Amino acid sequence: MKIVINNNRKIFAIQEEFSNMFPGLKIVFHAKPSSSGGIPSPKIVIHSSRTLQDCRSISREGTIEVLPTMNISDLKGNFRDIFGLSAEICAKPVNGEKEQPLISKISLEDLNKQSDLHLAT
C-alpha cells in the first residue's frame with residue numbers, strides 16, 4: 001500500500017488507509033517538534049481532523065510504501081527520515097483500554113493478526 005504524504009492530508013485519512021490494511025492496528029502521530037530537526041513532541045495529536053502540517057517541521061511531499069512484511073521500527077523510521085513525521089503504531093484498544101504504542105521486530109502483518117485475536121476475545 002502506498003500512502004500519499006503532503007501538508008494538506010488529514011490525519012484521519014492516513015489512519016483510515018492504514019486501518020484498511022491492518023484493521024487491528026492504529027497509527028498515531030506526535031505533535032510538531034518545537035524546531036526543525038528537534039526532538040519529537042511527546043504529545044500525540046488527538047484531533048484527527050488536523051493536517052500533517054500540524055505534525056511536522058519538514059514539508060517534503062511524496063508517497064510512503066507500507067508493506068505487511070515491514071516491522072514497526074522500519075515504518076516509523078521511514079515516516080521520520082523521509083517526511084519528518086513521528087508516528088507510533090498501537091493495537092486498537094479493547095474495552096476502554098488506553099492505546100499503548102507497540103515496539104516489535106515482528107512484521108505488521110503478524111502484529112495485526114495478534115491484534116485481531118485480541119479483538120475477537
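Quick caveat: nothing in here was measured; it's all calculated off a predicted structure.
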For this session: List the steps and the verdict of side chain to side chain contact (heavy atoms under 4.5 Å, CB included) for Ser73 and Lys105.
Result: CA-CA 7 Å; Ser73 297; Lys105 297 283 185 190; 4.1 Å; yes
Problem set entry | Phe79/Ile5 under side chain to side chain contact (heavy atoms under 4.5 Å, CB included): CA gap, chis, key distance, verdict | CA-CA 9 Å; Phe79 271 109; Ile5 303 293; 3.9 Å; yes
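Of the inter-residue distances, the one linking Leu85 atom CG with Arg60 atom CZ reads 11.0 Å to the nearest 0.5 angstrom. For the atom pair Leu102 CG and Ile72 CD1, the distance stands at 4.5 Å (nearest 0.5 Å). Rounding to the nearest 0.5 Å gives a distance of 9.5 Å between NZ of Lys32 and CZ of Arg56.
Within the 4.5 Å cutoff, side-chain heavy atoms of Lys92 are placed close to those of Ser19. Under the 4.5 Å side-chain criterion, counting only non-hydrogen atoms from C-beta, Val45 is in contact with Cys55. At least one side-chain heavy atom of Phe29 sits less than 4.5 Å from a side-chain heavy atom of Ile14.
Under a hydrophobic-cluster definition in which Ile, Leu, Val, Met, Phe, Trp and Tyr are linked whenever side-chain heavy atoms come within less than 4.5 Å, directly or via other members, Val28 and Ile3 are assigned to different clusters. Hydrophobic clustering, with ILVMFWY side chains joined whenever heavy atoms are under 4.5 angstrom apart, groups Ile64 together with Ile89. With hydrophobic clusters built from ILVMFWY side chains whose heavy atoms lie under 4.5 angstrom apart, Leu25 shares a cluster with Met1. A continuous path of hydrophobic side-chain contacts links Ile82 to Leu52 [ILVMFWY only; heavy atoms under 4.5 Å]. Under the 4.5 Å side-chain heavy-atom criterion for Ile, Leu, Val, Met, Phe, Trp and Tyr, Ile103 and Ile106 are members of distinct hydrophobic clusters.
Between Gly24 and Asn112 the shortest heavy-atom distance is N-OD1, 2.7 Å.
A donor-acceptor pair under 3.5 Å is absent between the side-chain atoms of Arg50 and the main chain of Ile11, judged by distance alone. Side-chain atoms of Lys26 do not come within 3.5 Å of backbone N or O of Cys90 as any donor-acceptor pair.
Annotation for Leu67: atom CG counts as buried by contact number, over 12 foreign heavy atoms lying within 6.0 Å. For Arg9, the CZ atom sits in a packed shell: over 12 heavy atoms of surrounding residues, nucleotides or ligands are nearer than 6.0 Å.
Between His30 and the choices Glu88, Arg80, Lys43, the side-chain hydrogen bond (donor to acceptor under 3.5 Å, both in side chains) rule is met once, by Glu88. Just one residue in the list Asn78, Asp74, Ile27, Leu75 forms a side-chain contact (heavy atoms from CB on, under 4.5 Å) with Val66, and that residue is Leu75.
A donor and an acceptor atom, one from each side chain of Asn71 and Ser107, are nowhere located under 3.5 Å apart.
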